[in-house]
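Working notes for the structure below.
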Amino acid sequence: MTFKGKYAATGRELRVRCMRVRLPSLESHFILIEDVSSQAEAGRQRAQWRQMLAHDFRNPLMIAHGTLCAVKSMGTGHPLAPDDLALIEGGIRNCRRLDALIGTYLDTERLEDGAMPVHAGSVDLEALLHGVVDEFRPAARTGGRVLTCAVPKALAARADPELLRRALANILGNALKFTPAGGLVAVDAAPRGRDVVIRVADNGQGITPEDLPRIFERYYQGEDNERHHGLGLGLTFCRAAMRAMGGEVEVESERGRGAVFTLRLPSAAPEGAP
Ligand SMILES: Nc1ncnc2c1ncn2[C@@H]1O[C@H](COP(=O)(O)OP(=O)(O)OP(=O)(O)O)[C@@H](O)[C@H]1O
Ligand SMILES: [Mg+2]
C-alpha cells in the first residue's frame with residue numbers, strides 16, 4: 001500500500017509505503033517514509049515546461065505558419081517574385097519542422113510518464129508497412145536510394161497503429177538520412193516465436209561503437225551529424241513508443257556497413273480472424 005501527501009508541520013511531500021516481508025523464519029511489516037519533495041517539485045516544473053511548450057510556444061508558431069500560408073496563397077497585392085516565394089516556403093517548412101519537434105518532445109515525455117493513451121489492437125502489418133514506406137518513396141527517389149518493402153500477407157501485431165506508424169517513420173527517415181545516394185534501404189517483417197519483428201536495414205554510413213550504446217538517449221546525435229538536421233529525439237520517441245506497446249527496438253551496426261533496426265511486438269491474430 002502506498003500513499004503520498006504533504007506533512008503539514010514541515011510542508012514536505014512524503015511517500016509512505018507499507019510492506020510485508022515474509023522469510024521462512026519471520027514475517028514482519030515495515031513502514032517506509034520517504035521525503036519526495038524534490039522529485040515532486042521536479043515533476044511540477046516538467047509539467048509547467050510542457051504546458052508552456054504546448055501553448056505559449058505552439059500558438060504563436062501556428063499563427064506565424066498561418067500568416068505565411070495566407071501570404072503564399074493570396075499574395076500581397078503584387079505577384080510574388082520567385083525569390084520571395086522561396087523565402088516564404090522556407091518559413092512555412094521551418095514552422096512545420098519546429099512544430100513536429102515540439103510534438104515529438106511532448107509525446108516522448110507523455111509516453112515515458114505513462115500519460116499517453118495507447119490504443120492497442122490487431123494491426124495488419126502488410127498494409128501499415130507499405131503505407132509508411134510509400135510516404136518515403138518520393139524522398140528515396142530524389143536522393144537516389146532504393147527503398148524496398150517485403151511483408152508476408154496476414155501478418156498481424158498487437159500495437160497502436162498510430163504510434164507504430166510514427167516509430168517506423170522515424171527509423172525509416174534516419175535510414176534514408178544516413179544512407180548516401182546509390183544505397184539501399186530494405187524493410188521487412190516476419191513472425192518470431194510469439195512475437196513479430198519488423199526490420200529496417202540500410203547499407204549507409206553505419207554507427208560507431210562509441211555511439212551505438214547511446215543513440216536511444218534523449219538528444220544524442222552521432223558526432224559527425226551536425227550537418228544533418230534534428231534534435232536527437234527520434235529514437236528516444238521510438239523506444240518509448242515501442243515499450244508503451246509492450247515491444248522493444250534494438251539496433252545492430254558496424255561503421256561503414258550500414259545499420260539494422262529491429263522492432264519487436266507481440267503478435268496478434270489478423271483482424272476478423274476467428
Ligand atoms: N540508420 C542510421 N544510420 C546511421 N546512424 C544512425 C541511423 N539511425 C540513427 N543513427 C544515429 O543515431 C543518432 C540518433 O538518432 P535520432 O533519430 O534519435 O536523432 P536524429 O535523427 O539525429 O534527430 P531527430 O530524429 O531528432 O530529427 C543519429 O544522430 C545518428 O548518429
Ligand atoms: Mg531521427
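Order of appearance sets the numbers: ligands from 1, and atoms from 1 within every ligand.
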Out of all atoms in ligand 1, which are within 4.0 Å of some heavy atom of [X]? Include the element for each.
X: Q221; value: 20 (P), 22 (O), 23 (O), 29 (O)
X: Y220; value: 13 (C), 14 (C)
X: L231; value: 23 (O), 24 (P), 26 (O), 27 (O)
X: I207; value: 4 (C), 5 (N), 6 (C)

Distance-only N or O hit between ligand 1 and [X], under 3.5 Å:
X: G222; value: yes
X: N170; value: no
X: G232; value: yes
X: L101; value: no
X: D202; value: yes

Exercise. Does the distance from a Lys or Arg side-chain N to an Asp or Glu carboxylate O, for E248 and R264, drop under 4.0 Å?
Worked result: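 R264 and E248: not salt-bridged.
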Problem set entry | SB check R44 E13 (cutoff 4.0 Å) |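 Here R44 pairs with E13 in a salt bridge, since their nearest N and O are under 4.0 Å apart.
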Problem set entry | ligand 1 versus F261: contacting region, heavy-atom distance under 4.0 Å |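 Side chain only; the backbone of F261 stays clear of ligand 1.
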Exercise. Counting only heavy atoms, which portion of V251 has something under 4.0 Å from ligand 1: side chain, backbone, both, or neither?
Worked result: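 For V251, no heavy atom sits under 4.0 Å from ligand 1.
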Exercise. Measuring from the heavy atoms of D211, does anything fall under 4.0 Å of ligand 1?
Worked result: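 Contact absent.
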For this session: Would you please determine whether G204 falls within less than 4.0 Å of ligand 1 on a heavy-atom basis?
Result: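 Per 4.0 Å heavy-atom rule, G204 does not contact ligand 1.
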Exercise. Taking atom CZ of R194 as the centre, does the number of heavy atoms from other residues, nucleotides or ligands within less than 6.0 Å exceed 12?
Worked result: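 Counting neighbours around CZ of R194, 12 or fewer heavy atoms of other residues, nucleotides or ligands fall under 6.0 Å, so no.
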Problem set entry | More than 12 heavy atoms from other groups under 6.0 Å of CD1 on I31 |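 No - once you tally the heavy atoms of other residues, nucleotides and ligands closer than 6.0 Å, there are 12 at most.
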Exercise. Would L168 and F216 show up in the same hydrophobic cluster when neighbours are defined by side-chain heavy atoms closer than 4.5 Å?
Worked result: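 L168 clusters together with F216.
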Exercise. Between Y219 and Y105, how do the two ring planes meet: parallel, tilted or perpendicular, split at 30° and 60°?
Worked result: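 Answer is parallel, since the angle falls under 30°.
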Exercise. Does one side chain, of D211 or T208, offer a donor that lies under 3.5 Å from an acceptor on the other?
Worked result: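 A donor-acceptor contact under 3.5 Å links the two side chains.
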Exercise. Does a side-chain heavy-atom distance below 4.5 Å link V146 with V185?
Worked result: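 No - every pair of side-chain heavy atoms lies 4.5 Å or more apart.
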Exercise. Below 4.5 Å, heavy atoms only, C-beta onward: do L172 and L147 meet side chain to side chain?
Worked result: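 In contact.
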Exercise. Within N174, is some N, O or S atom less than 2.8 Å away from the Mg ion (ligand 2)?
Worked result: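 True for N174.
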